[in-house]
Colleague: 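If you scroll down you'll find the structure; I have some questions about it.
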Amino acid sequence: MTKDIIQLTDLRKRFGESEIIRGVDLGVKRGERHALIGPNGAGKSTLFHLISGLYKPSSGDIRLNGDSIAGLAPHLITRRGLSRSFQITTIFPRLSVYENLRIAAMARHGRRYALFSLASKATVINRDTDELLELVRLTQARDKFAGDLTYSEQRALEIGMAIGPGADVILLDEPMAGMSREETHYMLNLIRDITQGKTLLVVEHDMEVVFSLCDRISVLVYGEVIASGTPEEIRSNGRVQEAYLGEVPA
Ligand SMILES: Nc1ncnc2c1ncn2[C@@H]1O[C@H](COP(=O)(O)OP(=O)(O)OP(=O)(O)O)[C@@H](O)[C@H]1O
């Protein structure tokens, strides 16, 4: 089995005349935390949409665990063990925190679940939901409407929804967007915890977060990966310094 759990090969995406993803080769190793960074409009969200199945590639390949998932529908990709969160909030505001997470926990058992008896279904799902509540640190808020949570609690719930189905690979799109320093710190610890033993691919603009959280970083500029490496390698890369104009922490 390949070491790369996600493998992109000469991946391209065109919208009409414009090629937004221009021949991306990228490997994400099993068990690593990998950041995808790049200036606004570089194509980071587009790349996430391609990996998670929201967009179909114009050409090239996407492999998950060695198998091609290029062009598969999002729910089929989730079933193969890849979940993502979105920049926009995807929780159900008029359901409680517990009910939201219960929906995500139900997705964990897929078709196998239909074979359980009613009683064991309830037991397994309640256990998984309690575990999720604790993992995203929302046990105190379990009975609140999701819509009444603070902003950072909503983002934590959203991450819970993304990991609920039990994915090995988690894609997070700007998890720190709009957060204060304190909230960022809280979220950073939470992400460290929930991605323990899993693979994380994260798009994030906060360079301090990227450099402290991730094992490897890839830099996307105008639809091309200009560098991929450890934080040290990325920090000392001339092309990255040029693209970032000193935003990379020393
Ligand atoms: N559906 C679409 N149709 C046409 N152009 C699109 C579409 N989606 C994205 N683009 C274009 O692709 C380019 C890359 O957009 P994308 O949102 O992927 O960048 P990004 O790196 O995620 O930016 P940001 O950091 O600002 O979120 C932009 O120029 C955008 O206008």
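One is the number of the first residue; the rest follow in order along the sequence. Atoms within a ligand are numbered from 1 in the order they appear, just like the ligands themselves.
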Colleague: One residue to check: I20. Relative to ligand 1, which of side chain, backbone, both or neither has a non-hydrogen atom less than 4.0 Å away?
Modeller: side chain
Colleague: Just wondering, are more than 12 heavy atoms of other shown residues or ligands nearer than 6.0 Å to CZ in R192?
Modeller: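 It does: R192 CZ has more than 12 such atoms within range.
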Colleague: Report yes or no: does S58 contribute a side-chain atom to a donor-acceptor pair with the main-chain N or O of R14 at less than 3.5 Å?
Modeller: yes
Colleague: According to a hydrophobic-cluster definition based on side-chain heavy atoms being under 4.5 Å apart (Ile, Leu, Val, Met, Phe, Trp, Tyr only), do F145 and L138 belong together?
Modeller: no
Colleague: For ligand 1 and A42, I'd like to know whether there is a polar contact (N/O to N/O, distance under 3.5 Å).
Modeller: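 Between A42 and ligand 1 (N or O atoms, distance only) the closest approach is under 3.5 Å.
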Colleague: Under 4.0 Å from any heavy atom of E174, which atoms of ligand 1 are there?
Modeller: 27 (O)
Colleague: Taking the six-membered ring for Trp, are Y55 and F48 closer than 6.0 Å centroid to centroid?
Modeller: no
Colleague: Need the ligand 1 atom indices (1-based, order shown) with element for anything under 4.0 Å from a heavy-atom of T46.
Modeller: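 So the answer, numbered in order with elements, is 9 (C), 15 (O), 16 (P), 18 (O).
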Colleague: Touching ligand 1 at all, F48? Heavy atoms, strictly under 4.0 Å?
Modeller: no
Colleague: Can you tell me if E174 uses its side chain to pair, donor with acceptor, with the backbone of M176 under 3.5 Å?
Modeller: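 No, E174 side chain to M176 backbone: no donor-acceptor pair under 3.5 Å.
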Colleague: Classify the contact between Y55 and ligand 1 as side chain, backbone, both or neither, using a heavy-atom distance cut-off of under 4.0 Å.
Modeller: side chain
Colleague: Short list, please: which atoms of ligand 1 are under 4.0 Å from a heavy atom of H205?
Modeller: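 Answer, ordered by atom number: 25 (O).
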Colleague: So for H49, does at least one of its heavy atoms come nearer than 4.0 angstrom to any atom of ligand 1?
Modeller: no
Colleague: Does the D4 side chain pair with the main chain of I6, one donor and one acceptor, at a distance under 3.5 Å?
Modeller: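 Between the backbone of I6 and the side chain of D4 there is no qualifying donor-acceptor contact (under 3.5 Å).
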Colleague: Taking a cutoff of less than 4.0 Å between a non-hydrogen atom of the residue and any ligand atom, is G38 in contact with ligand 1?
Modeller: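 Judged by the 4.0 Å heavy-atom criterion, G38 does not count as contacting ligand 1.
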Colleague: When you measure from the side chain of T199 to the backbone of G31, do you find a donor-acceptor pair of N or O atoms at a distance under 3.5 Å?
Modeller: yes
